[in-house]
Amino acid sequence: MKGSTFKRCGCRDSVTGRRLGRSCPQLRRPGGGWSRTHGHWHWQIEVPARADGSRRPLRHGPYATQADADAVLHRIRAALAVPDPTDPHTTVKTGDLIEAAVKTGAPIPTPDQVRRALHLDITPTELPTMEAYLTDWLAGRKNIKTGTLRSYEGHIRLYLIPHLGHLRIDRLRPGHIDAMYDAIAERNTTIATLRASRNQAKRDQVKNQRIVGNRTLHVIHATLRKALNDAMRRHRYIDTNPALMIELPTARPPKPTVWTDQRIRTWRDTGKTPSPVMIWTPEHTGRFLDHTHDANDRLYALYHLITFTGLRRGEACGLHWDDLDLDAANLTVRWQLVQHGWATAIDTPKTTDSAAAVALDSETVAVLRTHRARQHRERLAAGAAWTKTGLVFTTPTGGRLHPADVTDHFHHLATQAGLPPIRLHDLRHGAATMGLAAGVQMKIISNRLRHSSPHFTAKFYGDVLPELSHAAAEATASVVPRRRDATTPARPCRPAGPSVGADPAADSVPGDSAR
């Protein structure tokens with residue numbers, strides 16, 4: 001598609017009357033070269049084919065000089081250099097722009113104009129691969145929390161780069177993303193199959209490998225979607241986000257399930273829990289707290305606080321004495337102890353909804369006062385070894401608790417108490433359901449747990465405790481007025497008349513004569 005310039009004139013053949021065009025003998029000088037006075041200059045070039053595949057040879061003139069024709073041809077070549085020659089979409093669009101300009105007499109579009117029309121700030125050959133872009137994008141993320149950054153890094157390293165990193169960013173299509181999720185699903189199947197094998201060697205192959213669930217898929221996809229949004233809006237590498245065209249499997253969080261007697265028997269027989277999110281009944285919770293209190297466990301106040309306020313583990317471990325006002329019976333969530341790998345750090349809550357005041361009941365206030373006195377004794381015993389962190393819950397020498405240790409200790413206490421297993425976070429769910437069972441309004445519980453909306457609270461907890469379902473059933477039945485006690489057996493219906501040959505007295509019911 002280099003194109004060329006040529007000279008032609010309007011002279012005609014004296015016999016046939018046809019135009020001589022470029023074959024006119026007067027166009028050439030006797031000594032060679034083009035005539036300076038005869039004919040006019042034109043250019044010709046073939047631009048990329050149209051979308052339907054038809055060819056597009058273009059010619060235009062006249063121009064007074066060869067330099068004028070060459071200048072236009074040079075602008076066409078510069079415009080054609082913008083799109084990637086192996087990308088039919090952009091080459092066809094560039095050809096459309098040039099053809100439209102030639103036919104309408106408009107100026108040939110400049111390379112910058114072509115780039116803007118193609119939504120590109122740089123030429124395609126300069127566009128990064130997905131691996132290069134995602135690496136640079138992650139390095140440029142400054143105003144996000146460390147946990148979020150670690151999450152992005154894991155998604156990019158484990159999934160996005162291995163499956164999509166070789167593609168140039170403008171070549172990424174929804175099909176590539178679908179293929180990545182298909183590959184993850186196949187890997188899940190392989191892991192599950194090997195885990196179920198009776199061959200120990202096969203099970204060892206996937207010993208430390210995890211199945212990627214639907215919720216994790218959505219989080220991975222959110223990382224990709226955010227990165228591509230930035231590529232489109234900030235860098236203008238692409239004009240559409242292919243991640244927006246992907247349909248993922250629904251990721252519904254498991255609803256809390258209460259430990260009933262029947263479920264406990266099944267669990268003891270099979271070792272399997274009915275749901276990933278299990279909740280103790282109030283009786284179970286009381287047994288746990290009594291056991292922990294009677295054992296004089298130094299973390300009793302922490303578990304008591306989580307049980308009745310619904311604090312998250314990191315929020316309880318990051319609670320400072322300055323955040324507590326025991327006289328006013330409330331605390332303010334301002335900090336959380338977060339875990340990055342095994343290292344820990346004090347950080348602010350992830351969302352503004354999480355940072356809020358929480359009211360305390362009188363028993364919890366008394367428990368915290370007792371805990372404060374105990375911590376004071378530990379501080380005196382530690383002497384110079386005491387670490388001044390200002391935290392409510394600490395190690396015996398004042399240092400930060402490790403969240404993983406708090407969880408492990410919780411499971412140890414629950415096992416000692418002979419209780420079915422729950423996660424430490426499930427104490428938070430228990431606080432919500434016990435509040436509902438006590439008749440607390442949904443909006444108050446939602447505010448207390450610092451949820452984004454009461455709708456989420458109602459959807460997540462509304463049908464958990466059997467007590468709530470039974471109360472709803474009784475309330476519904478009591479609305480309908482009845483003439484008799486529903487527990488009294490109904491009297492059988494009397495036939496319309498005695499049957500032939502039957503004793504009329506046999507159909508009588510004692511007491512009928514008195515009605």
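Throughout, residue positions are numbered sequentially from 1 according to the sequence presented. None of these values were measured; they are calculated from a predicted model.
- Checking side-chain atoms of Arg448 against main-chain N and O of Ala359 turns up a donor-acceptor pair under 3.5 Å.
- Other residues, nucleotides and ligands place no more than 12 heavy atoms under 6.0 Å from the NE2 atom of His293.
- With rounding to the nearest 0.5 angstrom, the CG atom of Leu319 is 8.0 Å from the CG atom of Leu391.
- Between the side chain of Ser151 and the main chain of Gly147, no donor-acceptor pair closer than 3.5 Å is present.
- Proximity of a side-chain donor or acceptor of His155 to a complementary backbone N or O of Ala222 within less than 3.5 Å is not detected.
- The two atoms that bring Ile238 and Ile169 nearest to each other are CG2-O, 3.7 Å, heavy atoms only.
- Shown here is Glu247, whose CD atom has no more than 12 heavy atoms of other residues, nucleotides or ligands within 6.0 Å.
- Donor-acceptor pairing under 3.5 Å is lacking for the side chains of Arg263 and Ser275.
- Contact between Pro88 and Thr86 at its shortest, heavy atoms only, is CD-O, 3.3 Å.
- In this structure, a donor-acceptor pair under 3.5 Å is absent between the side chains of His218 and Arg215.
- Listed here is the closest heavy atom pair of Glu378 and Arg298: OE1-NH2, 2.8 Å.
- Thr129 is not listed as a side-chain neighbour of His166, based on a closest heavy-atom distance of 4.5 Å or more.
- Checked by atom type and distance alone, the side chain of Ser197 never pairs as donor or acceptor with a backbone atom of Thr193 at under 3.5 Å.
- With hydrogens and angles left out, the side-chain atoms of Thr348 and Lys145 include a donor and acceptor closer than 3.5 Å.
- Listed for the Thr307 side chain is no donor-acceptor partner under 3.5 Å among the backbone atoms of Leu427.
- A donor atom on one side chain and an acceptor atom on the other are found under 3.5 Å apart for Thr407 and Arg313.
- Ion pairing of Asp322 with Arg334 is absent here, as no side-chain N (NZ or NE/NH1/NH2) approaches a carboxylate O to less than 4.0 Å.
- Side-chain N/O atoms of Gln375 and Arg372 include no donor and acceptor closer than 3.5 Å.
- Between Tyr303 and Phe288, the ring-plane angle classifies as perpendicular under the 30° and 60° cut-offs.
- In this structure, Tyr133 and His235 have perpendicular ring planes: the angle between them is above 60°, well past the 30° mark.
- Checking Asn241 against Asn229 by side-chain atom types alone, a donor-acceptor pair falls below 3.5 Å.
- For the residue pair Thr364/His304, the side-chain donor-acceptor check at 3.5 Å is satisfied.
- For Trp137, the CH2 atom is densely surrounded, since the number of other residues' heavy atoms within 6.0 Å is greater than 12.
- A side-chain donor-acceptor contact under 3.5 Å links Thr270 to the backbone of Thr266.
- By the 6.0 Å contact criterion, CD on Gln441 is open, its count of non-hydrogen atoms from other residues, nucleotides or ligands being 12 or less.
- Every pair passing salt bridge (charged side-chain N to carboxylate O under 4.0 Å, His left out) that includes a residue from residues 222-233 is listed here, sequence neighbours excluded: Lys226-Asp230.
- A donor and an acceptor atom, one from each side chain of Glu283 and Thr281, are located under 3.5 Å apart.
- Residues Leu305 and Val367 form no side-chain contact, since every pair of their non-hydrogen atoms from C-beta on lies 4.5 Å or further apart.
- Of all the heavy atoms in Leu424 and His411, the pair that sits closest is N-CE1, 4.4 Å.
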